[in-house]
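All heavy atoms count here, side chains included; hydrogens, waters and symmetry mates do not.
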Amino acid sequence: MHSSTEYLTRNLTLISQLVGQTIQKIIRLMYLEPEDELRMESGSLLLETHQGSRLYLDVDEGMGNILVFDASEPNQPINHKISQFSYKYTLFPEENDHGILKCLEEKPISKIEQISRPDEEHNFYNMCGFKLTCSKGKSVYMGAYLTDLKIPDIWILTPEEIEQNLHCQSVTSVSE
């Protein structure tokens with residue numbers, strides 16, 4: 001069993017690898033058929049880059065944080081869990097994308113910020129998501145508990161959709 005500090009450090013290490021990379025695919029992993037817009041459905045996410053990174057994102061409901069696992073190597077145990085999902089839907093790229101994830105298209109991630117909820121104790125909500133900024137300055141938010149509803153599902157949101165009192169702290173960036 002990992003302590004919360006260990007998995008938070010692992011999350012930061014894994015997610016920081018995305019700087020300078022371009023997203024190839026984001027897949028929603030589900031056990032049930034979707035009922036809502038895929039980016040705001042229940043379920044984990046699998047994020048793949050053109051450079052070969054493959055990250056599995058899930059929720060630690062007990063701590064109110066996200067969990068990030070490296071799924072790049074086929075023999076990683078997390079890939080067994082990924083294969084057990086009944087439904088795998090591509091969120092990005094999507095033919096009928098209405099522009100919410102368009103900023104990820106062919107533009108490398110230039111900055112990553114850790115999202116937390118202020119005034120929480122004992123590492124609760126300390127890393128409930130990430131803000132990904134592309135080289136053109138557009139951003140998307142990926143995580144759980146990012147709205148005032150505090151939903152324990154990994155959603156992909158725009159700046160207008162998140163709760164305004166969230167705290168963003170730079171993890172890493174590249175100069176443009």
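- Enclosure of atom CD in Gln84 by more than 12 non-hydrogen atoms of other residues, nucleotides or ligands within 6.0 angstrom is indicated.
- Clustering ILVMFWY residues whenever any of their side-chain heavy atoms sit less than 4.5 angstrom apart, transitively, puts Trp155 in a cluster other than the one holding Leu67.
- A pairwise comparison of heavy atoms in Gln164 and Ile162 identifies NE2-O, 3.1 Å as the closest pair.
- When all heavy atoms of Gly20 and Pro108 are compared, the closest pair comes out as O-CB, 3.7 Å.
- The hydrophobic cluster containing Leu32, built from Ile/Leu/Val/Met/Phe/Trp/Tyr side-chain heavy atoms closer than 4.5 Å, comprises no other residue.
- Taking Glu160 as the reference, Thr158 meet the side-chain hydrogen bond (donor to acceptor under 3.5 Å, both in side chains) condition, with sequence neighbours excluded.
- Residue Asn11 comes nearest to Met127 through the heavy atom pair CB-SD, 3.2 Å, listed as atom of the first residue, atom of the second, then distance.
- In this structure, the separation between CD1 on Ile156 and CG on Leu38 is 9.5 Å, given to the nearest 0.5 Å.
- Contact check for Asn65 versus Tyr7: side-chain heavy atoms found under the 4.5 Å cut-off.
- Taking a 6.0 Å sphere around NZ of Lys107, one finds it holds more than 12 heavy atoms contributed by other residues, nucleotides or ligands.
- His167 NE2 to Ile115 CD1: the interatomic distance, rounded to the nearest 0.5 Å, is 10.5 Å.
- With values rounded to the nearest 0.5 angstrom, Leu132 atom CG is found 6.5 Å from Leu18 atom CG.
- Note that OG1 of Thr5 is 8.5 Å distant from CG of Asn126, once rounded to the nearest 0.5 Å.
- Here the CD-CD distance, from Glu113 to Gln169, works out to 9.5 Å after rounding to the nearest 0.5 Å.
- Seen from the ring of Phe69, Arg10 counts as a face-on cation partner, given the 6.0 Å and 45° thresholds.
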Check residues 140-150 and write down every donor-acceptor pair under 3.5 Å in which the side-chain atom is one partner and the other belongs to a residue at least two apart or another chain.
unit_1: Thr147; atom_1: OG1; unit_2: Leu149; atom_2: N; d: 3.3

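- Nearest heavy atom pair, residue Ser116 against residue Cys128, reads CA-SG, 4.1 Å.
- Inter-residue side-chain proximity for Leu166 and Arg117 is flagged as met; some heavy-atom pair is nearer than 4.5 Å.
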**Asked** Is there a side-chain contact (heavy atoms from CB on, under 4.5 Å) between Asp70 and Ile78 once you walk through the steps?
**Response** CA-CA 8 Å; Asp70 185 358; Ile78 197 65; over 6 Å; no

Show me the side-chain donor-acceptor pairs of residues 43-57 shorter than 3.5 Å, one per line, residues at least two apart or across chains.
unit_1: Ser44; atom_1: OG; unit_2: Tyr56; atom_2: OH; d: 3.0
unit_1: Ser44; atom_1: OG; unit_2: Asp58; atom_2: OD1; d: 3.2
unit_1: Glu48; atom_1: OE2; unit_2: Arg54; atom_2: NE; d: 3.1
unit_1: Thr49; atom_1: OG1; unit_2: Gln21; atom_2: OE1; d: 2.5
unit_1: Thr49; atom_1: OG1; unit_2: Gln51; atom_2: N; d: 3.3
unit_1: Thr49; atom_1: OG1; unit_2: Gly52; atom_2: N; d: 3.3
unit_1: Thr49; atom_1: OG1; unit_2: Ser53; atom_2: N; d: 3.0
unit_1: Gln51; atom_1: OE1; unit_2: Thr22; atom_2: N; d: 3.1
unit_1: Ser53; atom_1: OG; unit_2: Gln21; atom_2: OE1; d: 3.2
unit_1: Ser53; atom_1: OG; unit_2: Gln21; atom_2: NE2; d: 3.2
unit_1: Arg54; atom_1: NH1; unit_2: Ala71; atom_2: O; d: 3.2
unit_1: Arg54; atom_1: NH1; unit_2: Asn79; atom_2: OD1; d: 2.7
unit_1: Tyr56; atom_1: OH; unit_2: Asp58; atom_2: OD2; d: 2.9

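- Residues Phe130 and Leu12 approach most closely at CE2-CD2, 4.2 Å, considering heavy atoms.
- Tyr31 and Leu91 end up in the same hydrophobic cluster when Ile, Leu, Val, Met, Phe, Trp and Tyr side chains are linked at under 4.5 Å.
- Here Ile15 contributes atom CD1 and Ile66 contributes atom CD1; the two are 6.0 Å apart, rounded to the nearest 0.5 Å.
- Closest approach of Cys134 and Ser110 over heavy atoms only: O-OG, 3.2 Å.
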**Message:** Apply side-chain contact (heavy atoms from CB on, under 4.5 Å) to residues Ser42 and Met30 and explain how you reach the verdict.
**Reply:** CA-CA 7 Å; Ser42 294; Met30 304 171 65; 5.6 Å; no

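- Looking at heavy atoms from C-beta onward, Met40 lies in side-chain contact with Leu157 at the 4.5 angstrom threshold.
- Every side chain to side chain contact (heavy atoms under 4.5 Å, CB included) that Glu33 has, sequence neighbours left out, goes to Tyr87, Tyr89.
- Asn165 is linked by a side-chain hydrogen bond (donor to acceptor under 3.5 Å, both in side chains) to Glu163, counting only residues two or more places apart in sequence or in another chain.
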